[in-house]
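Okay, so here's the structure we're looking at.
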Amino acid sequence: MNVAVRIDDLDRDILNALMTDARVPYAEMAKRFNVSPATVHVRVEKMRTSQIITGTEVIVNPKLLGYDVCCFIGINLYAARDYHSALEKLNQLDEVVEAYYTTGAYNIFVKLMCHSIEELQHVLINKLQAIEEVQSTETLISLQNPINRNVKP
């Protein structure tokens with residue numbers, strides 16, 4: 001069970017600054033928040049150690065890389081025991097960019113990115129539905145992504 005880690009207003013300010021621009025210098029944040037750069041450094045390291053900050057990443061624009069189709073696929077497995085082996089096989093598909101183990105109508109819910117509808121069809125028929133643990137799928141094509149944000153610290 002995960003226990004929420006307590007953070008204060010300075011930690012929140014630092015997190016918000018880093019979430020806006022992960023390259024912002026500690027010295028700049030220190031001036032903005034009226035603390036020393038060492039304080040910012042210590043706070044960031046504390047949040048890394050407690051795993052509030054789990055890394056930094058480069059966010060690419062998939063459209064500019066030719067990924068025109070984003071879809072979500074609900075996957076039903078033959079049996080709950082098939083989860084781990086199905087997940088290993090899904091992890092091998094480059095088109096799968098996110099996966100969730102869910103309750104409700106599906107065992108697994110995945111997000112796929114493809115260059116075209118034709119590529120999506122190929123992935124569905126020849127890759128995803130070819131996984132022996134997969135009983136059935138339902139595909140939802142995303143028309144747009146109007147909200148995309150992190151949680152508020």
Side-chain angles (χ1 to χ4, degrees), residues 1-77 80 82-117 119-120 123-124 127-128 131 134 136-153:
M1 181 176 169
N2 290 339
V3 177
V5 178
R6 290 187 180 262
I7 60 174
D8 63 16
D9 289 340
L10 177 58
D11 292 329
R12 281 186 193 79
D13 290 341
I14 292 168
L15 282 173
N16 282 318
L18 290 172
M19 289 166 57
T20 301
D21 178 5
R23 298 179 307 165
V24 63
Y26 290 176
E28 185 178 317
M29 283 190 282
K31 284 182 189 173
R32 190 181 318 165
F33 306 134
N34 201 27
V35 296
S36 72
T39 298
V40 173
H41 176 76
V42 167
R43 294 296 187 103
V44 169
E45 289 307 310
K46 177 187 84 171
M47 289 187 280
R48 285 186 200 281
T49 301
S50 65
Q51 297 184 336
I52 290 172
I53 297 174
T54 59
T56 55
E57 63 183 358
V58 172
I59 300 170
V60 298
N61 183 333
K63 290 272 188 201
L64 295 178
L65 294 175
Y67 290 92
D68 289 328
V69 178
C70 172
C71 69
F72 300 90
I73 301 176
I75 301 171
N76 289 309
L77 302 174
D82 293 335
Y83 170 70
H84 293 290
S85 58
L87 192 60
E88 286 176 21
K89 293 172 184 173
L90 289 167
N91 196 34
Q92 298 302 311
L93 304 181
D94 290 336
E95 298 84 2
V96 174
V97 295
E98 294 180 28
Y100 300 89
Y101 189 35
T102 61
T103 62
Y106 310 108
N107 300 108
I108 301 173
F109 204 70
V110 296
K111 177 180 176 182
L112 264 72
M113 296 296 295
C114 295
H115 292 96
S116 64
I117 292 294
E119 181 183 0
L120 172 60
V123 170
L124 285 171
K127 294 182 178 183
L128 201 138
I131 296 173
V134 173
S136 64
T137 63
E138 181 177 0
T139 304
L140 307 162
I141 295 176
S142 172
L143 300 176
Q144 61 178 217
N145 182 199
I147 299 172
N148 185 7
R149 61 181 170 224
N150 275 312
V151 296
K152 189 172 175 101

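Nothing fancy with the numbering, it's 1 onward along the sequence.
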| message | Test of understanding: with ring-ring contact (aromatic ring centres under 6.0 Å, His included), list the residues that count as partners of Phe72, not counting sequence neighbours. | response |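 Expected list: none.
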| Which atom pair, heavy atoms only, marks the closest approach of Ala30 to Pro37? |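 For Ala30 versus Pro37, the nearest heavy atoms are CB-N, 3.4 Å.
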| query | Does a salt bridge link Glu45 with Arg48, judged by any charged N lying under 4.0 Å from a carboxylate O? | reply |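 Salt bridge: yes.
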| field | Pairing of Lys46 and Asp11 as salt bridge, 4.0 angstrom limit | value |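 So Lys46 pairs with Asp11 through a salt bridge.
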| Spacing of Leu77 atom CG and Thr137 atom OG1 [to the nearest 0.5 Å] |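 It is 11.5 Å, given to the nearest 0.5 Å.
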| request: Supply the atom-to-atom distance Ser50 OG to Arg6 CZ, rounded to the nearest 0.5 angstrom. | output: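 Result: 13.5 Å between the selected atoms.
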Result block: side-chain N/O donor-acceptor pairs under 3.5 angstrom for residues 16-27, not counting sequence neighbours:
{"unit_1": "Asn16", "atom_1": "ND2", "unit_2": "Arg12", "atom_2": "O", "d": "3.1"}
{"unit_1": "Thr20", "atom_1": "OG1", "unit_2": "Asn16", "atom_2": "O", "d": "2.9"}
{"unit_1": "Asp21", "atom_1": "OD1", "unit_2": "Arg23", "atom_2": "N", "d": "3.0"}

In a table with atom names and distances, give each donor-acceptor pair under 3.5 Å that connects a side chain of residues 83-91 to protein atoms at least two apart or in another chain.
{"unit_1": "Ser85", "atom_1": "OG", "unit_2": "Asp82", "atom_2": "O", "d": "3.2"}
{"unit_1": "Ser85", "atom_1": "OG", "unit_2": "Glu133", "atom_2": "OE2", "d": "2.9"}
{"unit_1": "Lys89", "atom_1": "NZ", "unit_2": "Glu132", "atom_2": "OE2", "d": "2.7"}
{"unit_1": "Lys89", "atom_1": "NZ", "unit_2": "Glu133", "atom_2": "OE1", "d": "3.1"}
{"unit_1": "Lys89", "atom_1": "NZ", "unit_2": "Glu133", "atom_2": "OE2", "d": "2.9"}

| said: How about CZ on Phe33, more than 12 heavy atoms from neighbouring residues, nucleotides or ligands closer than 6.0 Å, or not? | reply: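 Enclosed: over 12 neighbouring heavy atoms sit under 6.0 Å from CZ of Phe33.
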| field | Within 6.0 angstrom of Asn61 CG, more than 12 heavy atoms from elsewhere | value |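 Yes - once you tally the heavy atoms of other residues, nucleotides and ligands closer than 6.0 Å, there are more than 12.
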| message | Using the rule given for side chain to side chain contact (heavy atoms under 4.5 Å, CB included), can you reason through Glu138 versus Ile73, listing the C-alpha separation, both sets of side-chain angles and the distance that settles it, and then say yes or no? | response | CA-CA 5 Å; Glu138 181 177 0; Ile73 301 176; over 6 Å; no
Minimum side-chain heavy-atom gap [X]-[Y] below 4.5 Å:
X: Ile75; Y: Asn107; result: no
X: Leu10; Y: Thr39; result: yes
X: Phe109; Y: Thr102; result: yes
X: Asn76; Y: Val134; result: no
X: Glu119; Y: Val69; result: no
X: Met47; Y: Leu15; result: yes

| said: Show, in sequence, the C-alpha distance, side-chain angles and deciding distance for Leu112 and Val97, and conclude whether the side chain to side chain contact (heavy atoms under 4.5 Å, CB included) test is met. | reply: CA-CA 6 Å; Leu112 264 72; Val97 295; over 6 Å; no
| request: Give the C-alpha distance, both sets of side-chain angles, the deciding distance and a yes or no for side chain to side chain contact (heavy atoms under 4.5 Å, CB included) between Asp68 and His115. | output: CA-CA 5 Å; Asp68 289 328; His115 292 96; over 6 Å; no
| task | Could you please spell out the steps behind the salt bridge (Lys or Arg N to Asp or Glu O under 4.0 Å) verdict for Asp13 and Arg43? | result | CA-CA 11 Å; Asp13 290 341; Arg43 294 296 187 103; over 6 Å; no
| request: Tell me, please, which residues at least two apart from Tyr100 pass side chain to side chain donor-acceptor pair (under 3.5 Å). | output: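 Tyr100 satisfies side chain to side chain donor-acceptor pair (under 3.5 Å) with Glu98 only.
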| query | Does Lys127 have any side chain to side chain donor-acceptor pair (under 3.5 Å) partners at least two apart in sequence or in another chain, and if so, which? | reply |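 Lys127: side chain to side chain donor-acceptor pair (under 3.5 Å) contacts with Glu95.
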Could you list the donor-acceptor pairs under 3.5 angstrom formed between side-chain atoms of residues 141-153 and any protein atom two or more places apart in sequence or on another chain?
{"unit_1": "Ser142", "atom_1": "OG", "unit_2": "Gln144", "atom_2": "O", "d": "3.2"}
{"unit_1": "Asn145", "atom_1": "ND2", "unit_2": "Ile147", "atom_2": "O", "d": "2.9"}

| Cys71 and Leu140: side chain to side chain contact (heavy atoms under 4.5 Å, CB included), yes or no, with the steps? | CA-CA 5 Å; Cys71 69; Leu140 307 162; over 6 Å; no
